[in-house]
2 protein chains.
Amino acid sequence: MVSIKDVAKLAGVSVSTVSRVINKRGKTSKETEEKVWRAIEILQYRPNLLARSLRSQKTKLLGLLVPDIDSPFFARLAKYIEEAAYQKGYNLILCNVGEDPKREKDYLEVLVQRQVEGIIFPRVSDESLLVRIPYLSKIPYVILDRTLEKEEAPTVKLDNIAAGMLAATHLLKLGHRKFACITGPQKISVSRERLEGFLTTLIQAGISVENIFVVEGDFKIDGGRKGMERILDHLSPPFALFCMNDMMAFGAIQVARERGWQVPRDISVVGLDNNPLCEVFSPPLTTVAQPFDQIAKAGITLLCKLIEGKKVRKKSITVLPYLVTRQSTAPPREQ
Amino acid sequence: MVSIKDVAKLAGVSVSTVSRVINKRGKTSKETEEKVWRAIEILQYRPNLLARSLRSQKTKLLGLLVPDIDSPFFARLAKYIEEAAYQKGYNLILCNVGEDPKREKDYLEVLVQRQVEGIIFPRVSDESLLVRIPYLSKIPYVILDRTLEKEEAPTVKLDNIAAGMLAATHLLKLGHRKFACITGPQKISVSRERLEGFLTTLIQAGISVENIFVVEGDFKIDGGRKGMERILDHLSPPFALFCMNDMMAFGAIQVARERGWQVPRDISVVGLDNNPLCEVFSPPLTTVAQPFDQIAKAGITLLCKLIEGKKVRKKSITVLPYLVTRQSTAPPREQ
DNA sequence: CAGAATTAAGAAAACGTTTCCAATAAGAGG
DNA sequence: CCTCTTATTGGAAACGTTTTCTTAATTCTG
């Protein structure tokens, strides 16, 4: 491997001069600069970022801890996070932790050892080790799409209450009086907040609790399917269903169809996320959209501020959802 | 930051001894080992991987160059690649290059400078800079789901010809005699190979070329939509359609539905990839499945061998697709 | 019991940078 | 012509490891 020494030798200058030229720090004469660049060109020299990082204590590395990169939600988020990080000159170490706490622990250790400057992670659970491991709490981090109970951790997320309200008002406006909801795991704050927004809006509109049937899902297709089965065992159409993400909505609609019900004629369905497939689904899915780009960008920006040690006023940022109306919702048919 | 020196001091031994204990290299007495581990525990010492890598010339880092992490195909592949890398003790730097050649160049530079030990990337284009930049060709790499024209680059991919054949035989067996196909971009070898398998099988079965209508797509939903519009302008159902990935199949089916055609009654559709959403689509999509886990695992294994400098007999590995029959295909209706 | 062989541990060099400090050369001012 | 700045440059330490080479201490062998 060709090092800065080789460049210095070929250019006939000292190592420090080469460094100065490369980093454009300090004074250097035009001629030496030229000599140095020429040598670099000839030798195809590329600085070793390990050495640079070791010396300068800056790695320009971030850890991206994600539950499941294969889920459309996280894949989308990851894309925008990567984009924002790239813009700021950071690289991302991809850590797919799944449901495995051991793996999360492993990765956190590794990230620390690799001297990442910060960690960004969507939707950690409350049991997450991040907050537990003491030497970890020193490293800047930002949590996306999720609040941790205990402390005022830096967070960027959707206004989930507003999201629930958006779904509820849309369905109310269509004239629905009977509702169902498939939530995410209740231990995740996101689920609770969305439910809160959904329920309070309905109740304020005078819907009685007997007419609201809530089942717990898992944000996956299968949770939507199982949820819908339970709902249809207890509730007879027409009614309106709010699924807390699109995947579950897809699963739920499939079950409805299998049982002979039509969407939106018998059941209106609202999803959440605005997955690109909503458009091609049959029927195209009405959904509460997340501005993924905003979340990611705000997250990285916040993280960078924390890394630079700047004082941040608002450690907790929320972004607003918006409704995308398609064909899976309609007024309830006459009974 | 607490370093190995602090540990040495607290344990009352030399730095080299601490290093030996940590790496379990060389002889150390039970007592010193205990002293060292105790000091490590007290100080919460974690080795600095930058320094270690710098010295040992091993970073245990891999670059993952991917066109679009938000596409279901790449997200799925990335997940399994990450899994395989993790098993082998490697970390991944995520590089989402999009369609931007400048970005690809940037990232390749950065990866080299970060001293990654290898690069793995799905579906590079032939114009990819990888092969061009001379100092890059030294760093081990493996290409997934794609062959580069020129040389015998190490590759792991689906047997695409078999994939095309699988789709064709399935449709033939159902009794179809009129066919359409929405390909991927023709400049990507994957598309050409799949088409080859599809066409030769049909022609060998005695289907005349007038009864095969091929349009070029882009592997995205919209390509499927546009492709289907062109097909329906030229071809009247019933016929059988092979889409070279599931996304395009979803788009195509939507257009068919908009135009009043039913799948599979009027048009049989076969996709490719076996996206989890195939199951919940309406109708559930028959598809040629890719064994993502095998591809990823074989890719990482191959890359590791190249890194270790082992001689590899087979630099080019193909894995076999299999058909998953669902409800989007059926015998053609009587006309 | 002397010398050889073995074991455990320390000292120091090396990895490739950045950066502080000192040194040299050139120009300015008196 | 001598001193004082100023502009460039080089030398060397430092970042935190690993690893080679010594050295000291112990055990074995005849």
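A note on names: the letters A, B, ... follow the listed sequences, proteins ahead of strands, and every chain is numbered from 1.
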Undergrad: Check whether any side-chain heavy atom of A:I295 sits under 4.5 Å from a side-chain heavy atom of A:K157, and report yes or no.
TA: no
Undergrad: Which residue, B:A51 or B:T28, contacts DNA chain C at a nucleotide closer to its 5' end, judged by nearest heavy atom?
TA: B:T28
Undergrad: Where the side chain of B:S16 is defined as all heavy atoms beyond and including C-beta, which of D:dG10, C:dG10, D:dT18 is the nearest nucleotide?
TA: C:dG10
Undergrad: Using a heavy-atom cut-off of 4.0 Å across all strands, would you classify B:V13 as base, sugar-phosphate, or nothing?
TA: sugar-phosphate
Undergrad: Considering only side-chain heavy atoms of B:N23, which listed nucleotide, D:dC15, D:dT18, C:dT18, is closest?
TA: D:dT18
Undergrad: With a cut-off of less than 4.0 Å, is there a side-chain N or O of B:S3 near OP1 or OP2 of D:dG16?
TA: no
Undergrad: Looking across every strand, which nucleic acid part, if any, lies under 4.0 Å from B:S53 by heavy atom: base, sugar-phosphate, or nothing?
TA: nothing
Undergrad: Between atom CZ in A:R25 and atom C1' in D:dT8, what is the gap in whole Å?
TA: 17 Å
Undergrad: How about B:F73 and B:F219: are their ring centres within less than 6.0 Å of each other?
TA: no
Undergrad: What heavy-atom pair brings A:T59 and A:S53 nearest, and what distance separates the two atoms?
TA: CA-OG, 3.5 Å
Undergrad: Looking at D:dT18, does its base get a donor-acceptor pair with the side chain of B:R55 below 3.5 Å?
TA: yes
Undergrad: Can you check the A:K58 NZ to D:dA14 P distance for me, whole Å?
TA: 20 Å
Undergrad: Can you check the A:M1 CE to C:dA14 C1' distance for me, whole Å?
TA: 17 Å
Undergrad: Which comes earlier along DNA chain C counting from the 5' end, the contact point of B:T17 or that of A:S56, where each point is its nearest nucleotide?
TA: B:T17
Undergrad: Quick one: the side chain of A:S29 and the base of D:dA7, do they pair up donor-acceptor inside 3.5 Å?
TA: no
Undergrad: Please report the distance, rounded to the nearest Å, between CD1 in A:I4 and C1' in C:dC15.
TA: 14 Å
Undergrad: B:R20 has an atom CZ; how far is it from atom P of C:dT7, in whole Å?
TA: 14 Å
Undergrad: Counting the atoms with a prime plus P, OP1 and OP2 as sugar-phosphate, which does B:K27 contact under 4.0 Å by heavy atoms, base, sugar-phosphate, or nothing?
TA: sugar-phosphate
Undergrad: What integer distance in Å separates B:Y45:OH from D:dT17:C1'?
TA: 7 Å
Undergrad: Give the rounded distance in Å between these two atoms: CD of B:Q113 and C1' of C:dC15.
TA: 17 Å
Undergrad: Under a 3.5 Å distance rule, please check whether A:S56 uses its side chain to pair with a backbone N or O of A:R52 as donor and acceptor.
TA: yes
Undergrad: If you define the side chain from C-beta out and look only at heavy atoms, does anything of B:I93 sit under 4.5 Å from A:L94?
TA: no
Undergrad: Under 4.0 angstrom, heavy atoms only, what part of the nucleic acid is B:S19 near: base, sugar-phosphate, or nothing?
TA: base
Undergrad: Without decimals, in angstroms, what is the distance between B:K30 NZ and C:dT7 C1'?
TA: 15 Å
